[in-house]
Amino acid sequence: MRTAVDASPEKPVLIDKFLERAAEFDVDALADSETCVVAGIQEHIEEAGIHSGDSSSVLPPFKIAEEHLDTMRHYTRTLARSLKVRGLINIQFAIKDDRVYVLEVNPRASRTVPFVSKVTGQPLAKIAARVMVGRTLDELGVRDATWEARPAHVGVKEAVFPFVKFPGTDTLLGPEMRSTGEVMGIDATFGLAFAKSQAAAGDELPGGGAIFFSLADRDKDAGVAVARRFVQLGFSLAATAGTAAWFERAGVPVETVVAKVGETSIEPGCVAERHDSVDAVALIRDGKVNLVVNTPRGRGPRADGAYIRRAANQHRVACLTTVAAARAAVAGIGDRADRELMVRSLQEYHEAGQERLPLG
């Protein structure tokens, strides 16, 4: 603070506070400088802290109270009118401890517009273009402040990453955007839509086998329910010692306990000093793992999590780095076990719901 004030005493100092364990949302809306209508609200599957371009998301949102959705709609309309936006606007929100925070306001089209349009069936770019050249939303038939589409189906957006082309890289996600594309899945339930999105992204969810867990301490409680559901679906569990002990205290059986890589300066694949005489990297390398759930507990060349994620990438094993993603994956596997995945066109999904705008 002393250095900052000395450098520029007449300028304010900006202090940021990161919102731990916050849910993040994307809101896309249309505005004509006077009126604003919400087109869609996406709920990010991962918690705040991962770049919005890398985070998977679901529309319509399914885990949030209606009062918070109403707050986001109110903030969106207020900001759009105050900024006199003509066309599209995107706002990113976070919710923590029942409080809604505005993270970012973009008075322009966002990368989310194609996804929202395809899920809802509303031609947002066409409407926005006509508004930008002078038409009003009322003239285009968009009159209701609650025009926001609420489809009967569920859409999931998933990011596509280039990690397979860079086998030495760490696949851990963070605030820097690393994805190079996006895919989507649509179905009647969140689980089925998520399963389709993973298949489209090249990370097919397994139907059986072993799930490997290595969780940071802060994620162990939340990971118990996910691990238990995997066992109920017929999977076996492998885990590092600390995670395995936590699971077993909660009554979740772990079949294989392995040593962590990096704690005692051992090299990937070396025999560890205890447990099943194999470390996590060797387990992945030998094809004994069908899915990896590894949440970060540290960074650096000797961090065991980095070794595990690199091994999963090298051997083409899907690796999830948040408990939220693991929760979504087990929902997808569970729904897929109960119902067969079906392919339908976007038009077939849209016919089951809403009226199209009369944009003639």
Side-chain angles (χ1 to χ4, degrees), residues 25-44 52-53 55-61 69 72-93 104-160 179-187 193 196-197 200 343-360:
F25 297 81
D26 260 286
V27 177
D28 286 292
L30 291 156
D32 61 9
S33 76
E34 298 296 331
T35 304
C36 176
V37 293
V38 172
I41 300 177
Q42 296 177 65
E43 180 176 345
H44 289 208
S52 61
S55 180
S56 48
S57 61
V58 54
L59 192 163
L69 295 176
M72 287 188 281
R73 294 180 186 112
H74 170 67
Y75 286 174
T76 299
R77 290 192 287 266
T78 302
L79 286 163
R81 283 194 295 266
S82 299
L83 295 171
K84 296 194 178 300
V85 172
R86 292 192 63 86
L88 284 158
I89 181 172
N90 169 267
I91 303 179
Q92 294 171 22
F93 295 95
E104 187 175 313
V105 181
N106 301 300
R108 54 164 173 77
S110 168
R111 72 174 69 84
T112 56
V113 167
F115 172 70
V116 176
S117 292
K118 288 178 180 178
V119 175
T120 64
Q122 303 290 14
L124 304 182
K126 181 184 288 188
I127 300 169
R130 296 188 178 192
V131 168
M132 291 171 74
V133 295
R135 302 286 292 278
T136 67
L137 291 174
D138 185 71
E139 290 172 348
L140 295 172
V142 186
R143 301 181 177 89
D144 189 355
T146 58
W147 176 81
E148 174 192 347
R150 302 190 188 192
H153 50 269
V154 178
V156 172
K157 182 212 81 173
E158 181 57 279
V160 177
S179 62
T180 52
E182 292 179 346
V183 293
M184 64 183 289
I186 296 182
D187 215 301
K196 285 183 176 180
S197 73
V343 177
R344 301 172 66 193
S345 67
L346 287 174
Q347 289 80 1
E348 289 177 292
Y349 282 108
H350 299 155
E351 283 171 3
Q354 313 146 55
E355 297 180 5
R356 303 278 72 79
L357 286 176
L359 291 180

Quick one: list whatever passes side-chain hydrogen bond (donor to acceptor under 3.5 Å, both in side chains) with S197, sequence neighbours left out. none

Flag the pair V131 / L88 as yes when at least one side-chain heavy-atom distance between them is below 4.5 Å, and no otherwise. no

Return yes if some donor-acceptor pair links the side-chain N/O of S110 with the main-chain N/O of V113 below 3.5 Å, else return no. no

Under 4.5 Å between any side-chain heavy atoms of D26 and S52, yes or no? yes

side-chain hydrogen bond (donor to acceptor under 3.5 Å, both in side chains) against T35, all qualifying residues, sequence neighbours excluded: none

Across all chains, not counting sequence neighbours, the side-chain hydrogen bond (donor to acceptor under 3.5 Å, both in side chains) partners of S117 are none

pair T76-F93: side-chain heavy atoms closer than 4.5 Å: yes

Check: M72 and V38 side chains under 4.5 Å, non-hydrogen atoms: no

Can you find a heavy atom in the side chain of N90 that is under 4.5 Å from one in the side chain of V27? no

Test side-chain hydrogen bond (donor to acceptor under 3.5 Å, both in side chains) on T112 and D28; report intermediate values, then the result. CA-CA 8 Å; T112 56; D28 286 292; 2.5 Å; yes

Provide the closest heavy-atom pair for R77 versus C36 in the form atom of the first, atom of the second, distance. CD-O, 3.5 Å

side-chain hydrogen bond (donor to acceptor under 3.5 Å, both in side chains) partners of R108, counting only residues at least two apart: N106

Under the salt bridge (charged side-chain N to carboxylate O under 4.0 Å, His left out) definition, can you give me all pairs with a residue in residues 151-160, not counting sequence neighbours? K157-E182

Excluding sequence neighbours, so at least two apart, what forms salt bridge (charged side-chain N to carboxylate O under 4.0 Å, His left out) with D187? K196

Within the structure provided, determine whether I91 and Y75 are in side-chain contact (heavy-atom separation under 4.5 Å). no

More than 12 non-hydrogen atoms from neighbouring residues, nucleotides or ligands closer than 6.0 Å to CD on E34, yes or no? no

Check whether any side-chain heavy atom of R344 sits under 4.5 Å from a side-chain heavy atom of Y349, and report yes or no. yes

4.5 Å side-chain heavy-atom contact, P61 and L69: yes

Indicate the atoms forming the closest heavy-atom contact of V154 with V58, along with that distance. CG1-CG2, 3.5 Å

For the residue pair I89 and P107, what are the closest heavy atoms and their distance? CG1-CA, 4.0 Å

